[in-house]
2 protein chains.
Amino acid sequence: MKRLTLEEIGQIAGVSRSTVSRVINGHPNIRPAVRQRVEDVIRQTGYQPNSAARSLASSQSRVFGLVMPSLMQSAFADPYYPMVIQAISHACNQHDYTPALFLFQTLEEEEKTSQRIVASGMIDGLIVTADTIESTFVSKIQQYDIPFVQIGRPLQSSIAEISYVDVDNEAGAYLAASHLIQLGYRRIGQLATAHNIAGAHRDAGFRQALADRSLPVDESLIEVSDFSEAGGYDAMRALLERGPEAVFAHSDAIALGAIRAIRDRGLKTPNDIAVVGFDDMPLAASADPPLTTVRQPIYRTGTLAVETLIDIVKTSPAPARHIVLPVELVIRASSGAVN
Amino acid sequence: MKRLTLEEIGQIAGVSRSTVSRVINGHPNIRPAVRQRVEDVIRQTGYQPNSAARSLASSQSRVFGLVMPSLMQSAFADPYYPMVIQAISHACNQHDYTPALFLFQTLEEEEKTSQRIVASGMIDGLIVTADTIESTFVSKIQQYDIPFVQIGRPLQSSIAEISYVDVDNEAGAYLAASHLIQLGYRRIGQLATAHNIAGAHRDAGFRQALADRSLPVDESLIEVSDFSEAGGYDAMRALLERGPEAVFAHSDAIALGAIRAIRDRGLKTPNDIAVVGFDDMPLAASADPPLTTVRQPIYRTGTLAVETLIDIVKTSPAPARHIVLPVELVIRASSGAVN
DNA sequence: CTGAAAGCGCTAACAC
DNA sequence: GTGTTAGCGCTTTCAG
């Protein structure tokens with residue numbers, strides 16, 4: 001079962017290799033009868049073009065890199081990334097692209113590997129999830145002329161020239177905080193995430209909601225957490241000392257940790273302290289109590305990242321694309337709005 | 001900043017392209033002075049060989065495919081897969097391989113995409129996590145002559161010719177059950193996973209432990225669950241009707257769900273019902289109560305899968321490699337062995 | 001509308 | 001030890 005070549009397919013079909021190539025690549029101007037014949041041979045032989053030869057001749061690999069820079073390992077505990085990855089994988093399959101995965105655990109690994117991949121022509125474009133403020137990865141790849149889209153919003157300083165797909169974190173936080181305010185809570189805390197841009201936006205939305213009702217922000221009611229359940233637990237324990245009536249958590253995992261901390265303290269959610277999360281992960285609905293949360297379209301984010309990248313690759317050079325997806329508030333029991 | 005070629009590097013260094021190629025590929029028999037000169041030029045220019053040309057000439061892509069066949073989406077909720085992926089990614093980076101990710105949500109997607117990748121020569125080898133008994137993916141790729149290793153044990157029927165990396169599920173379950181028996185529990189239940197080979201092995205180990213103490217297995221104390229926390233919750237609720245004194249759960253997520261079900265029923269772990277899990281995920285230690293569980297080396301599994309595959313690719317054709325990693329019982333509060 | 005021919009950038013005999 | 005040369009299998013002008 002030796003692998004066939006274009007030439008051989010041509011021989012069988014009685015045409016030249018150029019014609020076979022044209023058929024495969026969907027060129028117009030092929031006599032229908034010929035096209036038919038060639039397609040039949042391809043189907044019968046199960047022929048698949050050699051991808052290395054294709055890349056070499058066309059300087060297109062049809063491979064996208066999916067990059068998650070340093071320190072993502074912990075974040076991997078959050079189901080957010082698995083979900084994005086699934087979406088990206090599916091979209092790539094759909095469009096005959098192959099997603100290559102690059103996770104970096106150290107800066108050294110990032111340096112060495114990224115150098116290898118961007119310069120070897122192995123990759124047509126990059127999807128980067130670089131939400132950490134400190135990450136320098138994006139500014140590094142900007143120097144190469146490889147197309148890329150970022151998931152999450154870039155730093156303000158370079159936002160104009162970078163394509164991204166993000167959700168409206170600010171509006172989501174605004175919704176969450178407004179909801180709590182409307183329910184009558186006043187001492188509203190925040191379990192916030194630092195070092196990431198989404199967190200900054202959520203914080204801004206939160207503050208805006210309070211400001212719009214002329215409510216002061218009590219800085220002592222803001223605790224910083226990582227994205228884990230355990231982080232939320234610890235942060236909430238600290239916050240408990242200062243007697244908040246309600247908290248807005250920057251992720252569902254954090255919110256779940258907070259609820260556990262509240263329970264461990266002998267208090268109840270939402271009766272004693274109301275909780276709102278962010279994400280609307282599957283477990284939010286089945287939590288105890290079910291979690292009021294800001295739903296963000298995670299899967300759609302991944303899909304759009306791929307589609308945007310394809311678009312950029314196709315029309316490059318192109319102006320940067322900026323996509324911000326809407327979010328919605330899902331009201332459940334944990335905020336005290338429903339029994 | 002046009003991309004350089006071997007030829008040009010050779011020109012700069014004053015040697016032929018072959019010599020440069022030899023230097024890059026670490027051939028012996030190069031005059032040290034020449035090697036030095038060439039390496040300097042490469043470093044200074046930041047030259048990276050074109051990977052398509054390399055693949056074409058050498059028929060080696062240095063890309064591995066990481067395949068997760070159908071129905072994995074739900075399993076993705078389990079932190080097991082993210083952890084394996086991280087390990088694989090890291091090991092690939094280490095060895096200058098690129099991991100390409102293939103998740104399949106439908107059989108059709110699996111069919112189309114796998115056909116494309118195995119036949120196009122884009123991939124040197126495959127790492128397959130096909131633990132579902134029903135999966136036909138492995139038997140399909142066996143027909144191509146592409147090297148692959150499976151994570152988890154293959155079906156008995158084809159185990160001889162397939163390379164795999166697995167953990168000793170049977171021994172782990174045996175350890176868990178024996179632990180409970182030694183603590184004096186007799187009505188020991190199981191929250192089992194169906195349709196997967198690891199689950200079958202864990203079930204076997206569980207039964208063996210009982211058999212070795214001449215204890216009967218009460219089939220009514222075995223409930224089937226999926227791998228999620230919610231699944232464990234539901235299964236435990238059902239099991240509660242039949243009054244088990246202890247349960248062995250097939251994963252930590254399931255165990256956590258079970259503990260929640262026990263608590264919701266107004267009972268306590270381990271006082272009323274002891275619980276043992278499997279995996280030793282990070283959250284097992286911080287659970288309430290901390291979870292007694294069987295620790296399996298997930299990260300190591302991924303690393304070994306890559307290293308085994310590299311070994312196979314290098315020495316192909318080669319006899320199948322069978323690696324079974326040991327597990328250990330981690331005793332914490334949930335089994336009632338420590339206060 | 002189709003074929004011939006010239007590469008794409010590299011590896012690997014084969015010479016010397 | 002190092003250079004010369006012939007492909008790897010495809011895309012893409014250029015003819016006709």
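Quick note on labels: first sequence line is chain A, next is B, and so on, each numbered from 1.
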Trace of the salt bridge (charged side-chain N to carboxylate O under 4.0 Å, His left out) decision for B:R62 with B:D96: CA-CA 7 Å; B:R62 294 200 78 88; B:D96 289 330; 5.5 Å; no
Any side-chain heavy-atom pair of A:Y81 and A:T129 under 4.5 Å: yes
pair B:L325-B:D166: side-chain heavy atoms closer than 4.5 Å: no
Upstream residue (5' side of DNA chain D) when B:S16 and B:L56 are each assigned their closest nucleotide: B:S16
Sugar-phosphate, base or nothing in reach of A:S21, heavy atoms under 4.0 Å: base
d(CD, A:E7; C1', D:dC10) in whole Å: 11 Å
Sugar-phosphate, base or nothing in reach of A:T19, heavy atoms under 4.0 Å: sugar-phosphate
Gap between atoms CG and P, on A:N25 and D:dT12 respectively (whole Å): 7 Å
Length of the CZ-C1' vector between B:R22 and C:dA12, whole Å: 8 Å
Phosphate-side-chain proximity, B:R31 and D:dT2, N/O vs OP1/OP2 below 4.0 Å: yes
d(CZ, B:R62; C1', C:dC10) in whole Å: 15 Å
Atom-pair distance (CG on A:L6; C1' on D:dT11), nearest Å: 9 Å
Under 3.5 Å donor-acceptor pair, B:S18 side-chain atoms to D:dT4 base atoms: yes
First of B:A57 and B:R35 reached from the 5' end of DNA chain D, by closest nucleotide: B:R35
Any A:N50 side-chain N or O less than 4.0 Å from OP1/OP2 of D:dC8: no
A:R43 with A:D40: basic N within carboxylate O range, under 4.0 Å: yes
Touch class at under 4.0 angstrom, heavy-atom based, for A:I30 against every strand present: sugar-phosphate
Interatomic distance where CD1 belongs to A:I24 and C1' belongs to C:dT2 [whole Å]: 16 Å
Phosphate contact (D:dC10 OP1 or OP2) by A:Y47 side-chain N/O below 4.0 Å: yes
Nearest-Å distance for atom pair CZ/C1', residues B:R54 and C:dG9: 11 Å
Ring geometry between A:Y164 and A:H322 (parallel below 30°, tilted from 30 to 60°, perpendicular above 60°): parallel
Per B:V34 side chain, nearest of listed nucleotides C:dC10, D:dT2, D:dG9: D:dT2
Protein-nucleotide distance (B:M122, atom CE; D:dC10, atom C1'), rounded to Å: 14 Å
Below 4.0 Å: OP1/OP2 of C:dC1 and any side-chain N or O of A:N29: yes
